Amino acid sequence: MSVLAILLGGALGKLLGLGREVTLAFFFGATSTADAFRAGLAAALFPTHFFMGDVLDGAFVPLYSRYLRTNPASGRQLLRLTSTYLLAVSTGLAGLAWIAGPQLVRIFAPGLSSDTVAMSARMLRWMGLGIPFYCFAALYSLYGICHDRYRPLALRTTFQNGALMLTIPIAAWLHNPEWLGLGFSVAFAVYLTYTWVSLRDVRRADAAAAVRQAPDGHELRTLFHTATPLVVTLVLGQLLATIDRAAASFVGVGAVASLEYARAFVETPQVLVGYAVGTVALSRFTALDKQEAQSQAAVLIFPLLTGVLGLMLVLVAAAPEIVTITYRRGRFDASAVALVSQALRGLAVGAAFMMAVYIMMRIISAQMRNRENIIPMLGAVVVEVLALLLLVPRFGLLGAGLGLSVMQIILCAALAARLGLLDEFVRRLPGWVLGGLLAGGAGALSMRLDAPVLVRLCVIAPCVLAGWVAGSALSAVTRGDLRVLRGRVGQAARRLRLRAAEAAR
């Protein structure tokens, strides 16, 4: 039920996220203002994630979960130490956003014009005010899952996207894009308040338990030892998340925004499934030995990967139709549809592997094997740079998306090797190739239909999915994945019906 709770919360947040993208597309389209907002958001979040992302997920959660079982006083001490660290980092980053805003924007989008950089820097200043709220809300939502309280974490994107969705029309009405930056800060101030209040009973129980026992006294050293390899992976992770945006900024006006509009679709598997499964794995895989982790990871990851690959092929085949139906209104014109469709097709190729990469890295972190992530991520940075240098000049935004996809596929294979799952990965390649060939053939035939956009989408999507299922079923391994996935979906549906029946009583 913990995975399902995060999945449902993520689905609500994703729905609001899509609403946010549609609202932004309506009022600002693929323009320099949209580029400025994307660049400012990147300049606010990436440095923040550099200092806190995997330190919280990969170090705090496994350590705190272990302390809860052995010494609650040490767990409380760990929480205080992490809070102090985040306070220092977040206030420093907020000050940096005000003092060096244009320089930060230039790092993440070097190809933007001077006017767009100046606009983005003004948005960044207001976003900077929300960085401390963002950091502490993330800490306490993860603190909640250690106590099997998943609702605050599940609702994080709901608060973020809901506030931005309300702010975008205000910014357009006032002709003042800076309001987009202020919406970020308001969202996380409200979210932190909600998280703090909803966990007050847990905090009181923790305080009472901690009084009965003295801390071990090694919490800081243990945290430092666990988090040290994460610093390297944080640097590499931020590089991976920045390189494609930087490359897109050289394609032309609206390219950065178009890449982000496309991400709203391709990141859905990670935001909904990958994040839910990976977050729960942080606490569940902590108690497993290496062999148990390997066997459970295979059963967990590969059915999801096989299923999501089929859905992503639908995005590749029907990208123009999906983008048109979702975004084509207001200032979002035909040229914007073409740009976003290119990016979407390139990104969708590797989106399923991105989801699998996230889950694998969470499992490795839960096993306290963080150093094993470093070499694969180093290789991924090199692969992405080379792929973008080769593909972007030739294919534009399509090349930017394909470069990221190539990197995700190779990184997925490398992490599978770390978990002892490379043989399982390779065994599925024939089924994936057969599924891709039949799905591609079905998509090519259905795309010839001359009909309204919605009718074309309703024809292309089932044809591509049918081709994928038929091709995958020709291999025993991927056929088994589909069977496992069908069972899981049925089980989740039964649980939802049971919960709905209980709520109706």
Side-chain angles (χ1 to χ4, degrees), residues 12-45 101 105 108-109 112-130 157-188 190 245 248-249 251-268 271 319-344 397 453:
L12 176 59
K14 188 61 183 178
L15 184 64
L16 289 175
L18 183 59
R20 179 198 71 188
E21 295 300 314
V22 171
T23 306
L24 186 68
F26 179 85
F27 286 104
F28 295 106
T31 62
S32 58
T33 301
D35 280 346
F37 171 65
R38 302 298 191 182
L41 196 60
L45 290 180
V105 172
F108 295 99
L112 295 181
S113 67
S114 298
D115 290 342
T116 305
V117 169
M119 185 193 309
S120 183
R122 291 194 295 272
M123 295 181 192
L124 176 58
R125 287 180 176 177
W126 291 111
M127 292 177 188
L129 296 178
T157 54
T158 299
F159 279 91
Q160 176 184 343
N161 293 325
L164 286 172
M165 211 174 142
L166 295 173
T167 306
I168 291 168
I170 297 173
W173 177 58
L174 295 174
H175 302 286
N176 187 352
E178 293 181 36
W179 277 84
L180 297 175
L182 186 60
F184 173 85
S185 298
V186 171
F188 283 101
V190 174
R245 292 175 174 88
S249 71
V251 174
V253 174
V256 175
S258 297
L259 197 64
E260 297 305 316
Y261 285 131
R263 285 183 193 273
F265 299 105
V266 298
E267 290 184 348
T268 298
V271 171
E321 289 76 16
I322 293 171
V323 173
T324 298
I325 291 171
T326 306
Y327 291 132
R328 183 72 192 274
R329 56 187 64 85
R331 296 190 63 185
F332 202 93
D333 56 16
S335 62
V337 169
L339 277 174
V340 176
S341 297
Q342 289 179 38
L344 179 55
L397 268 185
V453 174

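Only a predicted model underlies this, so the values are computations on that prediction, with no experimental measurement involved.
Checking Asp115 against Ser113 by side-chain atom types alone, no donor-acceptor pair falls below 3.5 Å.
At a threshold of 4.5 Å between non-hydrogen side-chain atoms, the residues Leu344 and Val323 count as touching. Side-chain contact between Phe26 and Ile168 is absent, with no heavy-atom pair separated by less than 4.5 Å.
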Inset, instruction - Test side chain to side chain contact (heavy atoms under 4.5 Å, CB included) on Val186 and Thr167 and set out the steps. - result: CA-CA 10 Å; Val186 171; Thr167 306; over 6 Å; no
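Nearest approach of Pro320 to Ser341, heavy atoms of both residues: CA-OG, 3.3 Å. Residues Met165 and Leu16 share a closest heavy-atom pair of SD-O, 3.8 Å. Scanning both residues, Gly183 and Leu164, for their nearest heavy atoms gives C-CD2, 4.0 Å. The two residues Ala34 and Gly29 come nearest to each other via the heavy atoms CB-O, 3.3 Å. Considering all non-hydrogen atoms of both residues, Ala172 and Phe27 come closest at CB-CD2, 3.5 Å. Heavy atoms only, all atoms of each residue included: Ala343 and Leu259 are closest at CB-CD1, 4.0 Å.
Although no hydrogens or angles enter the test, the distance criterion places a donor-acceptor pair under 3.5 Å between the side chain of Ser120 and the main chain of Gly40. A donor-acceptor pair is defined here as one N or O able to donate and one able to accept, closer than 3.5 Å; such a pair exists between the side chain of Ser185 and the backbone of Trp126.
Stacking of Arg38 on the aromatic ring of Tyr261 is recorded, both the 6.0 Å distance cut-off and the 45° axial limit being met.
Using cut-offs of 30° and 60° for the angle between ring planes, the Tyr327 and Phe332 rings count as tilted.
To the nearest 0.5 angstrom, Leu24 atom CG is 7.0 Å from Leu180 atom CG. Here the CE-OG1 distance, from Met123 to Thr33, works out to 6.0 Å after rounding to the nearest 0.5 Å. Note: Thr157 OG1 to Arg20 CZ = 9.5 Å, rounded to the nearest 0.5 Å. For the atom pair Glu21 CD and Asn161 CG, the distance stands at 8.0 Å (nearest 0.5 Å). Within the model, atoms CZ of Phe188 and CG of Leu129 stand 14.0 Å from one another, a figure rounded to the nearest 0.5 Å. Between the CD atom in Glu321 and the OG1 atom in Thr326 there is a gap of 11.0 Å [rounded to 0.5 Å].
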